[in-house]
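Presented below is the structure to which this report refers.
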Number of protein chains: 2
Amino acid sequence: MSAEVSAFEYRLYPLSSLKSNQKKPPTIKDVAEKAGVSVGTVSRVLAKEVAVKAALRERVNQAMAELDYRVNIAARALRTNQIDVIGLILPDITNPFFSQLAKSIELQAVKRDHSVMLASSQGDSVIERSHVRAFLDRSVRGIVVIAATDNDFSESQSDVPIVSLDRRLGRYPLIATDHERGAALIADHLYGLGHRHIAYIAGPQDTEVGRLRKAGFVNRIKHLSAKGERVKLRIHHGKFDYGSGEQIARKLLKTTAGTQITAIAAASDQLAIGALRVARDLGLQVPADISITGFDDIDLAALVVPRLTTIRQQTDLLAECAMDMVFGSINKSRIKTIEGELVVRDSTAEARQ
Amino acid sequence: MSAEVSAFEYRLYPLSSLKSNQKKPPTIKDVAEKAGVSVGTVSRVLAKEVAVKAALRERVNQAMAELDYRVNIAARALRTNQIDVIGLILPDITNPFFSQLAKSIELQAVKRDHSVMLASSQGDSVIERSHVRAFLDRSVRGIVVIAATDNDFSESQSDVPIVSLDRRLGRYPLIATDHERGAALIADHLYGLGHRHIAYIAGPQDTEVGRLRKAGFVNRIKHLSAKGERVKLRIHHGKFDYGSGEQIARKLLKTTAGTQITAIAAASDQLAIGALRVARDLGLQVPADISITGFDDIDLAALVVPRLTTIRQQTDLLAECAMDMVFGSINKSRIKTIEGELVVRDSTAEARQ
DNA sequence: CTGAAAGCGCTTACAG
DNA sequence: CTGAAAGCGCTTACAG
């Protein structure tokens with residue numbers, strides 16, 4: 001009895017149909033049959049080749065519509081060694097600036113009928129390297145990487161275009177904001193407001209970004225110092241995150257030397273926001289007692305209290321240039337620089353006396 | 001003369017080698033030859049099948065190492081109708097809570113040797129739908145979606161597991177925080193601090209999350225009202241973003257009724273942070289004059305001034321459960337709920353008299 | 001346990 | 001302009 005039941009059930013749901021109880025999706029062959037043409041012709045219609053007679057094209061399109069045909073991407077990839085995917089590698093999607101960049105990249109990719117694969121390096125260039133290889137294995141159309149750290153990374157010669165964005169990867173082309181000049185704009189701004197005791201919270205010096213922003217700021221301050229009033233500049237180093245900002249600002253503002261400081265220039269908005277929070281904790285008014293500046297202009301910069309004076313990076317433009325370079329000619333230039341823009345908000349004011 | 005030169009150049013760089021001047025990557029066939037076995041055996045070693053003699057396995061592994069062999073993913077995908085990719089669809093990667101979730105998902109995927117493809121729906125369920133189809137076309141291993149809005153979405157029956165995370169997609173299984181209970185915890189907290197004039201800033205009511213959090217909060221307040229002191233509750237509706245919080249709080253606090261309010265409970269941290277900023281603009285001290293609460297516990301919640309009292313969502317656990325469900329048995333439960341946790345920080349205090 | 005062979009669904013020279 | 005056919009690099013019954 002029980003055997004009978006189970007046999008009956010088996011008849012109803014044979015194993016093969018359990019695993020996939022929908023019919024197999026139609027292939028190019030089905031379309032060809034239905035339209036009464038060869039598979040080659042279907043493929044040509046698919047590829048939007050012009051050299052197909054309108055009548056045939058029409059029949060093929062109709063057949064595809066009727067069958068709800070969808071091209072098999074794996075088969076195409078196997079033939080062409082290429083898929084419509086852009087690989088994006090970044091240190092941490094949680095970083096608001098990177099997530100803005102990721103959004104822009106995705107937008108650009110969709111605009112070109114591509115998808116994006118996302119991989120986090122967690123700031124580790126070994127992981128980063130393995131992600132690059134993995135993307136290459138997948139025959140992606142191109143790879144965009146926001147590099148973890150400086151390194152001499154270089155994959156064995158490959159057809160796949162690799163470009164770095166914001167933070168340089170090895171000798172690959174780079175699209176980035178002019179960090180040096182942006183930092184100089186901040187220096188000018190603070191100097192113009194009469195600040196002569198300034199602390200600079202630098203980003204990590206094992207990244208080009210960190211070094212460039214610091215150099216841009218410091219050199220500009222030196223320049224101004226040389227031809228005008230002298231500036232006392234203290235420099236501290238951290239990462240780019242909130243925590244570093246908090247930690248460094250706390251240490252800084254508690255020293256006696258720290259009490260003389262009238263402005264803190266931070267190498268990133270996150271650092272600046274961390275500093276903002278410390279200032280508040282210590283009962284300092286921003287900007288009345290102390291001015292604070294950032295870099296990046298993440299969404300949050302306009303929302304913190306007080307709103308942050310910073311350098312705006314044009315993420316949309318950066319992403320667009322990166323993708324242009326991926327899809328563009330072979331003759332890629334080494335580096336493409338985008339201007340940052342000084343955005344003056346409420347966190348800076350004239351230096352207190 | 002010029003013809004000669006060009007012929008010479010052509011000889012040096014025939015077109016085919018210009019396009020790809022690296023040698024073709026080795027295939028399973030090359031490995032088989034080198035190891036002196038059949039391609040079938042190589043494939044079996046690749047698949048880590050145990051039923052391969054150690055001696056052969058050894059030879060194959062050696063050959064693969066020497067040739068630096070890498071499996072062709074497209075070919076495998078064509079055969080198996082499956083790739084080691086998880087599709088992740090979310091409304092906006094820029095939303096800090098979603099980006100935290102995305103990070104956790106990617107971590108989980110890597111742990112299972114999968115990659116993630118990212119697609120933004122921009123809160124539009126038509127785009128969302130097309131992304132689902134696109135992922136299905138790619139034969140991804142599974143799809144995780146943070147739904148744009150409520151809708152009765154349902155793809156034609158498919159082998160590919162689809163699960164929704166945080167925000168429900170159609171009738172697909174959902175992994176989410178217990179929003180209702182979380183909101184009730186906030187209600188208890190505020191009531192316990194003596195707040196009797198409360199404003200609730202609700203999230204969009206065309207999302208289940210928005211409705212559940214509101215219901216959880218409102219019902220709990222009603223319950224407390226019924227058996228204790230009465231609470232005056234005002235409800236306003238917005239989106240989940242900073243801007244809505246700012247806008248609603250501003251309107252709210254400027255009314256005469258608004259001045260009686262001693263607490264604002266917001267349906268998200270972003271709304272709460274927007275409200276925080278308005279309170280500050282209007283010269284209100286938080287929490288002395290007014291308490292403000294959020295929901296999510298994004299990184300930022302612990303960094304704003306004052307630090308935000310909120311409900312912590314366990315993003316790692318949410319992501320893990322979602323991936324367990326993707327990779328898990330066929331017998332998926334409709335819904336899996338994770339507890340939220342009340343995190344009391346500095347933005348709430350006893351109600352002013 | 002292993003090999004020979006079929007076949008996944010496309011694209012693309014090659015003829016005509 | 002179109003068709004017939006080869007082949008991309010794998011996996012997997014099927015024998016043995």
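Lettering of chains follows the sequences in order, A, B, ..., and the numbering in each one begins at 1.
Residues Ser121(B) and Arg129(B) have side chains that never bring a donor and an acceptor to within less than 3.5 angstrom of each other. Thr207(B) and Arg168(B) share no side-chain donor-acceptor pair at under 3.5 Å.
Put simply, Thr41(B) has a side-chain N or O that comes within less than 4.0 Å of OP1 or OP2 on dG3(C). Within the structure, every side-chain polar atom (N or O) of Thr27(B) is placed at least 4.0 Å from both OP1 and OP2 of dG9(D).
The side chain of Ser43(B) sits closest to dT11(D) out of dT11(D), dG3(C), dA5(D). Considering only side-chain atoms of Ser38(B), the nucleotide from dT12(C), dA4(C), dT12(D) that sits closest is dA4(C). Side-chain atoms of Ile28(B) lie closest to dC10(D) of the nucleotides dA4(D), dC8(D), dC10(D). For Tyr69(B), the side-chain atoms get nearest to dC10(D) when compared with the rest of dT2(D), dA5(D), dC10(D).
Under the 4.0 Å criterion applied to side-chain N and carboxylate O atoms, Arg133(B) and Asp68(A) are assigned as salt-bridge partners. Look at Arg141(A) and Asp84(A) and you find no salt bridge, because none of the NZ, NE, NH1 or NH2 atoms lies under 4.0 Å from a carboxylate O. Using a cutoff of 4.0 Å between basic side-chain nitrogens and carboxylate oxygens, Lys34(A) and Glu66(A) are scored as salt-bridged.
Remark: P of dG9(D) and CD1 of Ile83(B) are 19 Å apart, rounded to the nearest angstrom. Atom CD in Gln82(B) sits roughly 11 Å away from atom P in dT12(D) (whole-Å rounding). Atom CZ of Arg59(B) is separated from atom P of dC1(C) by 16 Å (rounded to the nearest Å). Between Arg79(B) atom CZ and dC10(C) atom P the separation is 15 Å, expressed in whole Å. In this structure, Arg70(B) places its CZ atom 12 Å from P of dC10(D), rounding to the nearest Å. One can place CG of Asn81(B) at 7 Å from P of dG9(C), the figure rounded to the nearest angstrom. In this structure, Arg76(A) places its CZ atom 18 Å from P of dG9(D), rounding to the nearest Å. In this structure, CD of Glu33(A) is placed 12 Å from P of dA4(D), rounded to the nearest angstrom.
Between Ala54(A) and Val39(A), the residue anchored nearer the 5' end of DNA chain D, judged by the nucleotide with its closest heavy atom, is Ala54(A). Nearest-nucleotide positions on DNA chain C place Val37(B) closer to the 5' end than the other of Leu78(B) and Val37(B). Comparing Leu56(A) and Lys29(B) along DNA chain D, the residue whose closest nucleotide (by nearest heavy atom) sits nearer the 5' end is Leu56(A).
How far CG of Asp137(B) is from CG of Asn72(A): 9.0 Å, rounded to the nearest 0.5 Å.
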Are Arg112(B) and Asp324(B) close enough, and set up right, to give a side chain to side chain contact (heavy atoms under 4.5 Å, CB included), and what steps lead you there? CA-CA 10 Å; Arg112(B) 296 161 203 258; Asp324(B) 278 349; 2.8 Å; yes
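Remark: DNA chain C forms stems of 3 or more consecutive Watson-Crick or G-U wobble pairs, all pair distances under 3.5 Å, at C:1-3 with D:14-16, C:5-12 with D:5-12, C:14-16 with D:1-3.
Considering all non-hydrogen atoms of both residues, Asn81(B) and Ser139(B) come closest at O-CB, 3.6 Å.
In this structure, Ile73(A) reaches neither bases nor backbone, as no heavy-atom distance under 4.0 Å exists between it and the strands shown.
No hydrogens or angles were tested; on distance alone, a donor-acceptor pair under 3.5 Å links the side chain of Arg44(B) to the base of dG3(C).
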